[in-house]
Amino acid sequence: MSSSDDNVALSLRNGDMDQDEDMPLSQISSKSTDTTSVDGNSIESKKLGKKRKASTPTNDKAKKVKRAKNTIKSESDDEDIPLASTTTPPKKTPKKKTESAIAKPENGTKKVKSAKKNGVKKVDAIKKENEAKTEKESSSTREDEEEEEEEKYKWWEAEDVDGEQKWESLEHNGVIFPPEYEPLPSHVKLHYDGKPVDLPLEAEEVAGFFGAMMETDHAKNPTFQKNFFEDFCKVLKDAGGCNVNIIDFHKMDFSKMHAHFEMLRDQKKLLSKDEKKAIKAEKDKFEEPYKTCLLNGHKEQVGNFRIEPPGLFRGRGAHPKTGKLKRRVMPEDVTLNLSEGCKIPEPPQGHKWAEVRHDNTVSWLAMWKENIADSFKYVRFAANSSIKGLSDFKKFETSRKLRYHIDEIRKDYTKMLKDPLMQNRQMATACYLIDIFALRAGGEKGEDEADTVGCCSLRYEHITLKPPNKVIFDFLGKDSIRFYQEVEVDKQVFKNLRIFKKPPKQPGDDLFDRISPPLLNKQFQNYMKGLTAKVFRTYNASKTMQDQLDLIPNEGTVAEKVVKFNAANRTVAILCNHQRTVSKTHGSSVQKIHDKLKELEWQKIRAKKMILQLEPGLKRKDPEYFEELDDLSKEDTEHIHRAVIERTREAARKRFQRENDKLKIEDKPLLTEKDLQERMEKVNELEKEYAEELKTGKPQIKKSITVEKLKSQVETLTNRIVNTTFQLKDKEDNSEVSLGTSKMNYIDPRLTVMFSKKYNVPIEKLFTKTLRDKFNWAIESADENWKF
DNA sequence: CCAGTGACTTAGCAGCGAAGTG
DNA sequence: CACTTCGCTGCTAAGTCACTGG
């Protein structure tokens, strides 16, 4: 935000503060019709009694009656609940100030024009804005550079003013539809109960979807199977059925289909480099027109210009609809959005569009309705477009503005944790959880969706309380990612959570039964325009990153600094609970690195032993250098020997095979079994040598070796050991943390740019190409002094 | 008022080419 | 050079939140 805007915000805010200190959060109590006090005698909330699967089957009605009393009287340690518990909370004059009052003065009509400005000018605008920070008060200075000043304001305030309008003109070439279904060759069939099935094409396609996924976890999921089978049978029936009566999923055999797809894949892989290149070139040429569009006369990338192909819905977690058929989207389903009067893209031969719209209040280019959840899918601009950039910029500016209000907000909710009104306590407690543990808002979800929760939808069974103040969170959040944390909380928060869990509440019941995300957000708006629950995540993520970066000393190599940057990034990712599934190979690859480390260690020790054999006197000269000679146990050494031998053998065999393959192609005489034997004999000799070495503890020495050579070997090995150790630690630390999501969505990119410039780390080491494009505005605008 | 709708951001993962390794 | 591992990108599911209209 601009300096002057911040000023206004500050002064207004302070003025307000004098009138009513901690109004916003408590304001709700005076307005609310639900005057249930924390200590009981309230009407039952509608939310109570809503049950999920986790709850034990009980009579809901009976429970509702029981739960009607939400008293805190039996809370033994609740001595600091206000005495006024039976009265309505102290009313305060409703606060009139809103954020809009702050924003309004800035909103001149001239800013509307700014929406037309292109990206380059906008970037300049940000730069100017930063420079202007030092000139906050000086209005005359501002007028001096009015021309440019105007532009800079326009950039980021344009949409505040004219939030309605997203574009002046928009022209594009429509969308790409997936290729038509290609029937399988006649010998590739589904089998049922051992017999080949003649499927109509429509059904064959659906069966093929499953066949292609046979080896995935989805295909083993009973819900997936059930949903797939239902939809498959329906498609089959609608297409006229087939020669076999298919009634049992488990009698379906997709293996022929699966093998066929595998074969196609292998075939594709085997194509020569040039062939692959040619195919790609053709594809690129075909897609070219769809990749870009004209926004206000400027060329911009389109994001997802391909219509999603049909397939089986892969829901995440325990999604009730997983495996259902995602039907093919036809042009008749697709609505286009573009400027009035511009050329309308031709629909595919013999088809027509569902609708052509000219709505410049939205930023999508095309839209269709999907058949799984009946929701919309959009074709949108790419992340590097000005539209997305602007909204990203605004997102970060909003979250950045939160720093002016966060102290007050925290003070208010801390105070309100003790409010006698149940709703207010829930409100305050939710604010605390969202702020401190970066929980999501947690809206309501339907029966036909995966059972995941956020703050407001947390249920009884999702938290465990361990006095005096420990809370264990254990629930599935967005994408069914597990949120598990054992934490210590504010004492009053602990008490409140205990109250929210008090009988008659039981598993299946909402903890926060008197609040909802909209209610929460309404409160947040009183502090700051645009403040919602999700802003806290962005704010706290970026704030954490800033703090972590500030701790990094400006020294060392680029690689070291990158490692430290990533560590800071990781702190944020952990805060936001951004996880990734540990790869199937993780365990073995960690083991591999361990083994490698051991082996390096062994090599190093071995080299040192050789040094001593050549020059025994060295041990007295530098005992430290030879300290580790006995670090490896005999068993370990033997184990390593065996591994090395085995690997050598394997390599010899493979090499033999490879050479023979080559000779075969060249039509030359092949190596014989005897050649192989000879090579193996060499390995056997090495094996004997090692066995001997194990007995004597003395490695054999080659004639050509010298102490100098060995010392340099040791040094190389030491370096490799250090590097590998770091690599291992990084791998383990990162195995289940995903850094990408926070870098892309939560950490203000200007922080990364600041780090890059201040620490002389090339931005390429911190942002991938795509992120550099997406955050170009930040790269061009932030300098080494930028602060979140 | 509030449930439903619509539009947007946030999210993890598959697949693939690039880079690293022996 | 062959093989493995890494890291990026594209894909699309799953959230949030504002708005609408009965």
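Order of the sequence lines fixes the chain letters, A, B, ..., with proteins taken first and strands second; residue numbering starts at 1 for each chain. Keep in mind that what you see is a predicted model, and the values were worked out from it rather than measured.
- With sequence neighbours excluded, no residue forms a salt bridge (Lys or Arg N to Asp or Glu O under 4.0 Å) with A/Lys268.
- Residue-to-nucleotide proximity on DNA chain C shows that, of A/Lys377 and A/Ala441, the 5′-proximal contact is made by A/Lys377.
- Residue-level contact check: A/Ser375 touches neither bases nor backbone, having no heavy atom under 4.0 Å from any strand.
- Here B/dA7 presents its C1' atom at 16 Å from NZ of A/Lys395, a figure rounded to the nearest Å.
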Pairs under 3.5 Å (N/O, protein and nucleotides 17-22 of chain B):
| residue | atom | partner | partner atom | Å |
| --- | --- | --- | --- | --- |
| B/dG22 | OP1 | A/Lys596 | NZ | 3.4 |

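- Residues meeting the salt bridge (Lys or Arg N to Asp or Glu O under 4.0 Å) test with A/Arg316, sequence neighbours left out: A/Asp479.
- With B/dA11, B/dG6, C/dC17 as the choices, the nucleotide that has an atom nearest any side-chain atom of A/Tyr746 turns out to be B/dA11.
- Closest to the side chain of A/Lys388, from the set C/dT12, C/dA14, B/dT9, is B/dT9.
- Taking the six-membered ring for Trp and the full ring otherwise, the centers of A/Tyr746 and A/His578 sit less than 6.0 Å from each other.
- When heavy atoms are screened at a 4.0 angstrom cut-off, A/Gly442 is found touching the sugar-phosphate backbone but no base atom.
- Counting any heavy atom pair closer than 4.0 Å across all strands shown, A/Gly315 reaches sugar-phosphate atoms only and no base atom.
- Only A/Thr532, A/Ala533, A/Lys534, listed by number, bring a heavy atom of residues 531-538 of chain A to less than 4.0 angstrom from any atom of DNA chain C.
- Taking the side chain of A/Glu308 as heavy atoms from C-beta on, and the options C/dC8, C/dA14, C/dA13, the nearest nucleotide is C/dA13.
- Judged purely by distance below 3.5 Å, without hydrogens or angles, the side chains of A/Gln523 and A/Asn521 never pair a donor atom with an acceptor atom.
- Backbone-only contact: A/Lys326 has heavy atoms under 4.0 Å from sugar-phosphate atoms and none from a base.
- The pair A/Asp451-A/Arg459 meets the salt-bridge criterion, with a side-chain N (NZ, NE, NH1 or NH2) lying under 4.0 Å from an Asp/Glu carboxylate O.
- Using a 4.0 Å heavy-atom criterion, one finds that A/Lys592 contacts the sugar-phosphate atoms exclusively.
- A salt bridge links A/Asp333 to A/Arg327: one of the charged nitrogens lies within less than 4.0 Å of a carboxylate oxygen.
- Relative to the side chain of A/Thr452, the nucleotides C/dG15, C/dT12, B/dC8 differ in distance, and C/dG15 lies closest.
- At a threshold of 4.0 angstrom between heavy atoms, the contacts of A/Met744 with the nucleic acid are absent.
- Side-chain proximity of A/Arg316 to the nucleotides B/dG6, B/dA11, C/dT5 is greatest for B/dA11.
- Here the side chain of A/Arg580 is nearest to one of C/dT12, B/dC13, B/dA11, namely B/dC13.
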Side-chain donor/acceptor pairs under 3.5 Å, residues 374-384 of chain A, sequence neighbours excluded:
| residue | atom | partner | partner atom | Å |
| --- | --- | --- | --- | --- |
| A/Ser375 | OG | A/Glu370 | OE1 | 3.1 |
| A/Lys377 | NZ | A/Glu308 | OE1 | 3.2 |
| A/Lys377 | NZ | A/Glu308 | OE2 | 3.3 |

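- A/Arg314 comes within contact range of the sugar-phosphate backbone alone, with a heavy-atom separation under 4.0 Å but no base atom that close.
- A salt bridge between A/Lys321 and A/Asp448 is present, with a side-chain N of the basic residue lying under 4.0 Å from a carboxylate O of the acidic one.
- Take A/Ala441 and apply the side chain to side chain contact (heavy atoms under 4.5 Å, CB included) test, not counting sequence neighbours, and it matches A/Pro517, A/Ala533.
- The side chain of A/Arg440 approaches C/dT16 more closely than any other nucleotide in the set B/dC8, C/dT16, C/dC11.
- Atom CH2 in A/Trp368 sits about 15 Å away from atom C1' in B/dG6, given to the nearest Å.
- In this structure, A/Phe376 reaches the sugar-phosphate backbone alone: every heavy-atom distance under 4.0 Å involves primed, P, OP1 or OP2 atoms, never a base.
- Proximity note for A/Trp364 (side chain, C-beta onward) versus B/dA11, B/dA7, B/dT10: the nearest is B/dA7.
- As judged by a 4.0 angstrom heavy-atom cut-off over every strand, A/Ile372 is placed among residues making no nucleic acid contact.
- Atoms NZ (A/Lys394) and P (B/dC8) sit 12 Å apart, rounded to a whole Å.
- Interatomic distance, CD of A/Glu444 versus SG of A/Cys456, reported as 10.0 Å (0.5 Å rounding).
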